[in-house]
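See below for the structure under consideration.
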Amino acid sequence: MTNVAVIYSSATGNVYQLAEAIAEGAASAGAETRLRRVMELSSPEMIARNPKWVAHREATAHIPEAAIEDLEWADAFVFGSPTRFGNVTASLKHFIDQAGILWGQGKLTDKAVSAFTSASTTHGGVESTLLALYNTFYSWGCIIVPPGYADPVLRQTGNPYGASFIARKGATISDDELAAARFQGRRTAEIAARLAP
Ligand SMILES: Cc1cc2nc3c(=O)[nH]c(=O)nc-3n(C[C@H](O)[C@H](O)[C@H](O)COP(=O)(O)O)c2cc1C
């Protein structure tokens, strides 16, 4: 059994939708999955200013918070963050920064990893966010699993770096974007199974 942790940050739910699809895809490959949200660092006052953020927070309160032990448990992880000024959220980065002990013990080496994001504009920085995440995984010695164009649906969504959703002007996530996310989860689980000793 391959263990896959899908660890995400999401304010208004767009990244969460991708995270769910990625977890479904990993499960379809026979993996055991953990869907985990990272601890939110934004203040309650900041969250309260955005009704969509408040609603999403309440709707996903049942999702367990990510713990560093999830990284040790996982054979593969898939990280997701909204694009914030072309980069990841402080909340996800804070979680990642706590992995130093596992990193020091060599417990992250050779695990499969992939990443996903959502932004509000086409050129608003989805690739820069994904590449920023991948920088961490070079340090960890992980095996980065990009979707590439390894499935026909990637020709439709067109992001070989990782699943992404452009939520411009209230757009809803398309079936193709969800299919690309499912594919990314499945592919990451399958590559992790191939890497198993
Ligand atoms: C502080 C902040 C910074 C943002 N920066 C960008 C950005 O650089 N480029 C972009 O296209 N969208 C940006 N956005 C929009 C979010 O990336 C977008 O709404 C995303 O879909 C939110 O994902 P979520 O629903 O999972 O929180 C920003 C939003 C916030 C709140």
Side-chain angles (χ1 to χ4, degrees), residues 4-26 33-67 70 77-97 113-137 146-147 153-154 156-185 188:
V4 177
V6 181
I7 297 175
Y8 73 94
S9 165
S10 180
T12 52
N14 296 326
V15 169
Y16 169 67
Q17 290 183 76
L18 291 172
E20 273 198 312
I22 284 172
E24 279 170 29
T33 64
R34 287 185 185 176
L35 179 62
R36 300 288 187 264
R37 61 187 166 91
V38 296
M39 185 177 73
E40 179 58 63
L41 295 186
S42 299
S43 67
E45 293 77 19
M46 174 70 78
I47 295 169
R49 285 186 201 167
N50 184 342
K52 278 192 186 167
W53 197 342
V54 173
H56 176 66
R57 215 169 144 67
E58 286 172 8
T60 53
H62 63 285
I63 306 242
E65 235 173 49
D70 294 322
F77 10 77
V78 194
F79 285 97
S81 169
T83 290
R84 294 258 175 96
F85 306 127
N87 215 315
V88 302
T89 61
S91 300
L92 183 62
K93 186 63 168 64
H94 174 68
F95 176 79
I96 283 172
D97 286 352
V113 66
S114 202
F116 57 103
T117 188
S118 174
S120 60
T121 54
T122 308
H123 302 291
V126 289
E127 279 93 356
S128 65
T129 300
L130 296 172
L131 291 172
L133 271 168
Y134 291 146
N135 278 337
T136 292
F137 309 137
V153 76
L154 268 302
Q156 303 303 322
T157 57
N159 195 341
Y161 295 79
S164 52
F165 165 43
I166 308 298
R168 189 169 176 75
K169 293 183 178 163
T172 52
I173 193 161
S174 70
D175 289 346
D176 281 344
E177 284 161 334
L178 288 174
R182 280 190 210 100
F183 170 70
Q184 187 174 359
T188 307

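It should be emphasised that the depicted structure is a prediction, and the values quoted were computed from it without experimental measurement. All ligand and atom numbering here is 1-based and tracks the order in the structure.
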inquiry  = Checking Ser91 against Glu40 for the side chain to side chain donor-acceptor pair (under 3.5 Å) test, could you report, in this order, the C-alpha distance in whole Å, the side-chain angles of both residues, the deciding distance, and whether it holds?
reply    = CA-CA 6 Å; Ser91 300; Glu40 179 58 63; 3.3 Å; yes
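Here is the list of ligand 1 atoms found below 4.0 Å of a heavy atom in Thr121: 10 (C), 11 (O). Listed by number with element, the atoms of ligand 1 under 4.0 angstrom from any heavy atom of Ala11 are 24 (P), 26 (O), 27 (O).
Polar contact check, Pro82 against ligand 1: no nitrogen or oxygen pair lies under 3.5 Å apart. For the pair Gly124 and ligand 1, the shortest N or O to N or O distance falls below 3.5 Å. In terms of N/O distances under 3.5 Å, ligand 1 is not approached by Tyr16. Residue Ser9 places no N or O, backbone or side chain, under 3.5 Å from any N or O of ligand 1.
Side-chain atoms of Tyr134 come within 3.5 Å of backbone atoms of Ala115 as a donor-acceptor pair (strictly under, hydrogens ignored). Under a 3.5 Å cut-off, the side chain of Thr117 and the backbone N or O of Ser81 do form a donor-acceptor pair.
Shortest contact from atom 26 (O) of ligand 1 to any protein heavy atom: Ser10 OG, 2.6 Å. Atom 5 (N) of ligand 1 has its closest protein heavy atom at Phe85 N, 2.8 Å. Nearest to atom 15 (C) of ligand 1 among the protein's heavy atoms is Ser120 OG, 3.6 Å. For atom 25 (O) of ligand 1, the nearest non-hydrogen atom of the protein is Thr12 OG1, 2.5 Å. Atom 16 (C) of ligand 1 has Thr83 O, 3.6 Å as its closest protein atom, hydrogens excluded (heavy atom only).
The shortest side-chain heavy-atom distance between Thr136 and Phe79 does not fall under the 4.5 Å cut-off. Considering only heavy atoms from C-beta on, Leu131 stays 4.5 Å or farther from Asn135 through its side chain. The closest side-chain heavy-atom distance from Tyr8 to Leu35 is below 4.5 Å.
Considering Arg168, Arg84, His123 only, the shortest heavy-atom separation from atom 3 (C) of ligand 1 involves Arg84. Distances from atom 20 (C) of ligand 1 to the heavy atoms of Gly80, Ser118, Gly125 show the closest one on Ser118. Distances from atom 18 (C) of ligand 1 to the heavy atoms of Ala167, Ser81, Ser128, Ala119 show the closest one on Ala119.
For Ser9 against Thr89, the heavy-atom pair with the smallest separation is OG-OG1, 2.9 Å.
Here CZ of Phe116 is found 10.0 Å from OG1 of Thr188. Values are rounded to the nearest 0.5 Å.
Annotation for Asp175: atom CG does not count as buried by contact number, only 12 or fewer foreign heavy atoms lying within 6.0 Å.
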